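Inspection log for the structure reproduced underneath, given as structure tokens.
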4 protein chains.
Amino acid sequence: MKTVTVGIIGAGRIGKVHAENITKFVPEMEIKRIADPYMSEETVEFLQRLRIPYISNDPEDVLNDPDIQAVVVCSPTDLHAEYTIRAARAGKDVFCEKPIDYRLERVHAVIDECRKAGVKLQIGFNRRFDHDHRAVYEAVRAGRIGDVNLVKISSRDPAPPTIEYVKVSGGIFYDMMIHDFDMARFLAGSEVTEVFASGAVLVDPAIGEAGDVDTAVVTLKFANGALGVIDNSRRAVYGYDQRVEVFGSKGAVMDGNDTPNNAVFYGEDGTVSGTCYKIMWDRYTGAFAAEQRAFAQAILNGEQPQVTGEDGLYPVLIAAAATKSMKEGRPVKLSEIE
Amino acid sequence: MKTVTVGIIGAGRIGKVHAENITKFVPEMEIKRIADPYMSEETVEFLQRLRIPYISNDPEDVLNDPDIQAVVVCSPTDLHAEYTIRAARAGKDVFCEKPIDYRLERVHAVIDECRKAGVKLQIGFNRRFDHDHRAVYEAVRAGRIGDVNLVKISSRDPAPPTIEYVKVSGGIFYDMMIHDFDMARFLAGSEVTEVFASGAVLVDPAIGEAGDVDTAVVTLKFANGALGVIDNSRRAVYGYDQRVEVFGSKGAVMDGNDTPNNAVFYGEDGTVSGTCYKIMWDRYTGAFAAEQRAFAQAILNGEQPQVTGEDGLYPVLIAAAATKSMKEGRPVKLSEIE
Amino acid sequence: MKTVTVGIIGAGRIGKVHAENITKFVPEMEIKRIADPYMSEETVEFLQRLRIPYISNDPEDVLNDPDIQAVVVCSPTDLHAEYTIRAARAGKDVFCEKPIDYRLERVHAVIDECRKAGVKLQIGFNRRFDHDHRAVYEAVRAGRIGDVNLVKISSRDPAPPTIEYVKVSGGIFYDMMIHDFDMARFLAGSEVTEVFASGAVLVDPAIGEAGDVDTAVVTLKFANGALGVIDNSRRAVYGYDQRVEVFGSKGAVMDGNDTPNNAVFYGEDGTVSGTCYKIMWDRYTGAFAAEQRAFAQAILNGEQPQVTGEDGLYPVLIAAAATKSMKEGRPVKLSEIE
Amino acid sequence: MKTVTVGIIGAGRIGKVHAENITKFVPEMEIKRIADPYMSEETVEFLQRLRIPYISNDPEDVLNDPDIQAVVVCSPTDLHAEYTIRAARAGKDVFCEKPIDYRLERVHAVIDECRKAGVKLQIGFNRRFDHDHRAVYEAVRAGRIGDVNLVKISSRDPAPPTIEYVKVSGGIFYDMMIHDFDMARFLAGSEVTEVFASGAVLVDPAIGEAGDVDTAVVTLKFANGALGVIDNSRRAVYGYDQRVEVFGSKGAVMDGNDTPNNAVFYGEDGTVSGTCYKIMWDRYTGAFAAEQRAFAQAILNGEQPQVTGEDGLYPVLIAAAATKSMKEGRPVKLSEIE
């Protein structure tokens, strides 16, 4: 089997997830190096158990290794653009975690540099590779529901992040709904042209004091005429609630929440079954492996990655429009951004 | 619209149910008379509100009225045969509540007399007309599952009857599983040839002292080679549990339990939805009306009723075989009975 | 049993539905009269079969009959207000089909006149009495989900009405989503303060040419801070799709679509179960009877009806705001209306 | 982390599954050796990719390596007993694939030798570790359904094995239902005392000619008084159908089939969702890893394995009783066996 030799920059939570998934589930990839300036002893041990040959504190080791064909960028967000551009300039294909950057000019720079360098760029919108959402997507693309009329997405987290995190997160639209903006485009098969955002502080007043909202509903208009609606909440006590629905001229297709098991109890007071997963990593575990396999295949087959740089750009534009819409209390056209 | 003029003998629980259903939901029927020797004032008022023209204490009034084309026999079980035979001899079509009788010679007499008199005889196996079981039946008959390999029926009551009732009930196979024997034949489209019955006393020791069991599993062999299995319990705390499944060469079709509503609550401790109906009359409400419409249509269209006298006979034979099987601890062929 | 003597004005589709339901399922009511200037022979026969004593062409017969305590107004919409006011002035309690009127001043007049006359006024928002939606409502009111954060409603018709109807319907917000505006207030337990409406013509261009949209998404803000979102489509090929969801601080509660039966087929190509009802009357059949029982009980017990005149007013205000929002492309506050 | 050094005997399908699962998902185990006399080049490459240090053709290498604390026996069935006994005599804990052997004296010998040697013996009844069945089991053990009254198991394969296999399989009760006999004991928490078996040839006449049946229903009596029923079919066209249900004095708990995704399509002709997995390895993928983790933990914590030698013995006894029951057409007590 032909394989791709990869290096990983960043060994935080998501870096370790990718390292583990590639090792176990992506036979098309070989990890040669992983580098992170700040690694705990546990992290090093974890990476050693995965038998990654070179573990270092210097991302330059990855960028400078001529054996490495592809780099997986898992650095802090504000370094995504820099490492991606440097890897591209070194002629390496890049898998860049989302978001590329919150600053539009940096996003454009990343896309331009990768294009100039002729390298592949895949963005880490892992949910596109989730088995349930993917089945919905495939039904839509196969024409089962005819023309898309409406895309509906519910996306709720089990618990809000810390207030410290909220303050630097860029706000709910950049931090949380950005996944749903990507999913909406993915499912609709069309670009968003207009956004109207409503928000409320219903979970924790401290989130409001930090200048953000914790509950939001955003309506979308797509270029193909379809409508969209997304709701987000920072706290669903029953777990990580992730559902999508696409309604069209020939029917509808929707998914539900996975549960740890499907046992059902019938008792005097009702019928009880399991709740959603409580943790994102459990819910989307297969999706992280699937996106890396797709990246490997794009490289090996010389194909366009399934999630391109433009796919990284648009959600940022939509998040900007949603933020502006909520602030100004009016619908905002995407053409107003940039 | 052509209608059938009917009389009802018996104004107990089931007699009132038929009276109400015919009045409200069976435009093809007009009730002229209802008669019962023992009617409370409430019963008379109830029947008056239904605007039944003649309400009396004498079943002869029904049998002797030349206007009445069809009689619905809702008397105590030990009088089913007598009233059915007398109505048949009077040239009236008969709807007879199940069971026709527990004594096989009486069942044969009823069938013979109705045949001789050239009148229609429909037996009150209402579950055949239930919307869910009927949909399973229709899928099977339409060939969706191919050849039938296996019929599975679960049938559990919310609570056991009184011990007094258990003593005179004829036992769980005659009293409760008889419905399932009918359903098994109906779904399999074939006759039962052999029965093996297991029973246990797990709900109430007093049921055992009364000579009966309260939990039973019966396996069946059908003439077409298929197998069947039925389980019964006198007490399912979560309600009236009624499910059927037919498995075949091209698939399977099964139903579940209806619930009073389909609302679902997602909470920290699980996902909770409603239980089964707690009361048989709520579960099978539509089936009682549907069987009367079918009876009216058989009369008006000159067709064979959907549940014939033979359909009344076979479940009694199977119940006899099951009773013998449990007593003797061995499989019993239907051919051993009679 | 104490009963209320009622008269019905209007014997069109909804008038006949109420006549039949009251006769069959509302023992607390006796229909004495029904009147409609335009009745076919079939309608008269239908009403006769229900044994309604007086059937006439003159609504005055209902209004002038001193025996009649309560009037059920099922006239064409533009006469709702007039008959309601005249019945109220005659001292009769009134059940008025929705909408009271599309003109706000007429709605106010109806409410005022009923208040002045000291009669009860119940508006025909039947969905509040649907078994599924009601179970959701009761879970919310019982505090199971804590504070309400979000109300989501999907409401889609199996097929669009005729273009002639669309032209006089007042538009999708007045004609179709008005039910959902009522449901949103009912579930949220709070008043709508702001509306943003998006619409599209995706089902039939002729609807657009008639000045209306056939697909719409509306976001709501409630006085208690909660958000809401409603989607409507004039055509769901799989049937009458009606789902509500309420999400809150302690969980979520939602319902699904009823189906004619719950049989499930397992075949080589997938698992197939029934679709939604294709016809509104089948879906909400029980709700029409339940709202009349509630009306009878309000009268007999001297209680406030469950759906008041104000409940008739607010959805019209919200529809006005939604219409304005879509036209002006901006969120509209309810306080801007009137 | 303390780990157990293991060797694997047998690198056929199940041996490779265990090798892969242990490598990826059982951090408590280190595979040092795997040995199989007949390994293809692909198998060797596969094992090399798992980085197993020693790969050989000689099981003696595993048995003689003093570093190896535990042996996973994945040899052909007729060598299970021999390798297990030899490993036990070498002082190694043993995980033995099911069935230990079809000959009861061999099963007893294995149990005795392991006891004498003081080593742990775990039998490979992987379904006990399946997430769905395990959740049912835990609900039962936690007392949620009160006393067990009835255990129901459906277990159907997507397609029959080859006739060659059928001829040497020992028959459906030893080859297929043996898993369900284990599951029945596991769920009931009680021993089987009596068995009645019905069988039929409905899938392929060649199976009948080979002396076996392809469809079977077995009823069980348990020592605690509960009843049980198992149905098996060699061919469910919709996939690998595996469901269990336990009914008791306080309720019931049951599971359903996992599907590759939970997307649902609503179309004009019905609502369509996915079928069961078509392949056993996909359905029980997690269970194979979980049973190895449990084995490792039993060793590391000095605990009794969750599936003991006796758990390997009883299903063989029940299969013998079922075979005898079907042949003799009568219920057979377990006490008649041996």
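What you are looking at is a predicted structure, and each value in this text was computed from that prediction instead of being measured. Chain letters run A, B, ... following the sequence lines, proteins first and then strands; every chain starts at 1. All values below come from the heavy atoms of this structure, side chains included, with hydrogens, waters and symmetry mates left out.
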Handout entry: Side-chain touch B:P331/D:F196, heavy atoms, less than 4.5 angstrom
Key = yes
Checking heavy-atom separations under 4.5 Å from chain D, one finds in residues 155-182 of chain B B:R156
ask   = Does any non-hydrogen side-chain atom of B:E194 lie less than 4.5 Å from one of D:S198?
value = no
If you tally heavy-atom pairs under 4.5 Å between each of D:I145, D:N149, D:T215 and chain B, the highest tally belongs to D:N149
Cut-off 4.5 Å, heavy atoms of chain D, and the answer for B:V229 is side chain
Over 12 non-hydrogen atoms of neighbours within 6.0 angstrom of CZ in D:F222: yes
Max heavy-atom pairs within cutoff under 4.5 Å with chain D, candidates B:L150, B:N224, B:V148, goes to B:L150
Decide yes or no on side-chain contact (heavy atoms from CB on, under 4.5 Å) for D:L202 and B:D147, but give the supporting numbers first.
CA-CA 9 Å; D:L202 300 169; B:D147 296 328; over 6 Å; no
Residues 131-140 of chain B vs chain D, non-hydrogen distance cutoff under 4.5 Å, contacting residues -> none
Interatomic distance, CG@B:D231 vs OG1@D:T219, rounded to 0.5 Å, equals 12.0 Å
In terms of heavy-atom pairs under 4.5 Å with chain D, the winner among B:A226, B:G146, B:G199, B:G228 is B:G199
Heavy-atom closest pair (B:A200 atom, D:G225 atom, distance to 0.1 Å) is CB-O, 3.6 Å
Residues of residues 269-281 of chain B with a heavy atom under 4.5 Å from any heavy atom of chain D, in residue-number order, are none
Against chain D, residues from residues 238-251 of chain B with at least one heavy atom under 4.5 Å, in numeric order, are B:Y238, B:R243, B:E245, B:F247, B:S249, B:K250, B:G251
Applying a strict 4.5 Å limit to non-hydrogen atoms, the region of B:A252 in contact with chain D is both
